[in-house]
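Numbered from 1 within each chain, the chains take letters A, B, ... in sequence-line order.
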Amino acid sequence: MHKTTTMAAAVALLAQPAMAQTLDDQINSIFAASTGWFVSLIFSSFPGTNFPWIVGWLVVAALVFTIYFAFIQFRAFGHAIALVKGDYSDPNDAGEVSHFQALATALSGTVGLGNIAGVAVAVGIGGPGATFWMILAGLLGMATKFTECTLGVKYRNEYPNGKVSGGPMYYLKKGFAERGVPGGGFLAVMFSIFCILGALGGGNMFQANQAHAQIAGVVGDYPGWITGVVFATIVFLVIVGGIKSIARVTEKVVPLMGVLYVGAALLIILINFDQVGAAFGMIFAGAFTGLGVAGGFVGALIQGFRRAAFSNEAGVGSAAIAHSAVRTNEPITEGFVSLLEPFIDTVVVCTMTALVITITGQLMIDPATGLFILDEAGTGIMTMGGNTGVALTSAAFASAFDGFQYVLVVAVVLFAFSTMISWSYYGLKAWTYLFGEGQTKEIVFKVIFCIFTVIGAAAGLGPVIDFSDAAIFAMAVVNIIGLYVLMPVVKRELRSYQKRLSTGEIRKFV
Amino acid sequence: MTEQIVVGYDGSPSARRAVQFAQDAALAREVGLIVAHVLEWSPYTFLSPQELEERHMRREEELKRADHAILRPLIMELESRGGGDITTVSRFGNIAEMLARIASETKASQIVIGRTGHSSLASRLFGSVAGALAQAAPVPVTIVP
């Protein structure tokens, strides 16, 4: 059984007899009990090892796409930036969704708690070495993202009224049919089910949970369901009430917060510049030895890969939904643009968080052996003040800038909120794929979504994070099967585009 | 038609004065008049996923609305005061850049715009269309007060 699962079960068991009367604990224990089987299925290990098969599944896929497309993530990097800048956009298409906008929207769905809390979880359990594997997973994941977003645009549905719907469910169904491979319809349905669960879990509960933890860390502890109800109300106003002004404010402030976060992290790194070498030393040493963390270097590797996948969502299929609205005659261009996403999200932002936690000395090291000291349960590294998750990141930033924890609260709440809005949309797309479009059907999903916001805020971090990961990874199981079947289609698109680019048929407009 | 005048129009009173000025000039010189309506748009704004999905539809709606509510009434008005060879065009983009682009695409000889009448502080902060156009225009620009 996976380690955090055991920890979660232990937390649930401890909580039950002691104070079963509080609402939070009741929600927590019911939730942990009812989702445990799903979590263990997704995170079961290869026989005789403690390596979860799902992590292998994602990494192997990313490797396959990287080799199949001959390191497209490095070859097309410059071209991707030119596309985002609009160098290849026809000015007559102005007013349509630009590459920049599609990228920004997809990023606001992925950059968020995964980068702040998720990384802290990874480093807190797997040590700084997890960072190395996280960066590697991010770089490889760029090829996966390239594949899925190209397919998302290629097989999207365009309706007469001008709206578009795209994503894995559409390419699974239409792409498989086109290639004469059976089972596309079935996989599309499976993907939609998992996407709904993922939207409720990682895209909602985890966000609400960590936002609550962050607020409680500043104003003092109070019941989680209160945060849940407040969040659910605001989300409800936006997605059901169509209150655009809230969404608009968020969309404006979130990028600003992202810049502020990275800026603060860079500043901390610059102030402690003399320790950067030592931090990277720990990252490399930890990557291959573990430096005493639970599970050794495999533990570091699993944590790194797992959090990277959870943060940049490469292979999950969610980005393919967001990217498919762009206006382009060339689906491959959206693939190029999307490969910047894991780079920004994981290689840049996640690494910043990991460096700040490492540099500010949050993780306790035994001076005699140079190894990390484990906490009482033996599963994580002992930290200053016993912080985990977002509290660990918060403490790391606060140790350098007094009061930054307050800025981080605002950032976390806004990130959580924008991720929830994005995922409510992904979930809704999957929902309408299954049940058809219609006002009532859509409202049913949106109400369910808001209920899960409350549950997420009230439940403990362990069960929530496990269920969130499990649901999101289940999407990847189905999506990646589809990517393997359809990758020759992407290759054909790529060859044709490169040929026309070299002959000058595709030209810059500026 | 060999020569044309481009005039920017956004429905404001000063833009109407600019159009009337341009029409008189076009009639006097017996040249064509292009009334350009630019819908302010930046490809670098942030949209929610829902807005992404609906963008194409909204764009069509916005163009249709611009035609119905802004350009058509103006054309009727211009017909009643002398007419001439008038064409209309609606585009999305930065107003000054787009007017300059339309002028070079149509090989126009002159651009006419109205003055927005912003206070000098607002212009200092955000720049004015007239100022930007003066820098970017490929042909002489006439600003009508």
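Across all non-hydrogen atoms, the minimal contact from B/P49 to A/S422 is CG-CA, 3.9 Å. Between A/K85 and B/Y44 the shortest heavy-atom distance is O-OH, 2.5 Å. In plain terms, the two heavy atoms of B/P43 and A/S98 that are nearest each other are O-OG, 2.7 Å.
Taking chain A as the reference chain and counting heavy-atom pairs below 4.5 Å, the highest number among B/R91, B/R55, B/R59, B/E61 is found for B/R59. Counting heavy-atom pairs closer than 4.5 Å to chain B, the top-ranked of the candidates A/V97, A/T105, A/L103 is A/T105.
For chain B, no part of A/V326 is nearby; none of its heavy atoms comes within less than 4.5 Å.
In this structure, B/E53 and A/K429 have side chains that are in contact, with non-hydrogen atoms separated by less than 4.5 Å.
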In residues 439-448 of chain A, what donor-acceptor pairs under 3.5 Å come from side-chain atoms, sequence neighbours left out?
unit_1	atom_1	unit_2	atom_2	d
A/K441	NZ	A/F435	O	3.0
A/K446	NZ	A/I239	O	3.0

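Counting heavy-atom neighbours within 6.0 Å of A/K174 NZ, excluding the residue itself, gives a total above 12.
The only option from A/E158, A/E96, A/K163 that meets the side chain to side chain contact (heavy atoms under 4.5 Å, CB included) definition with B/H56 turns out to be A/E96.
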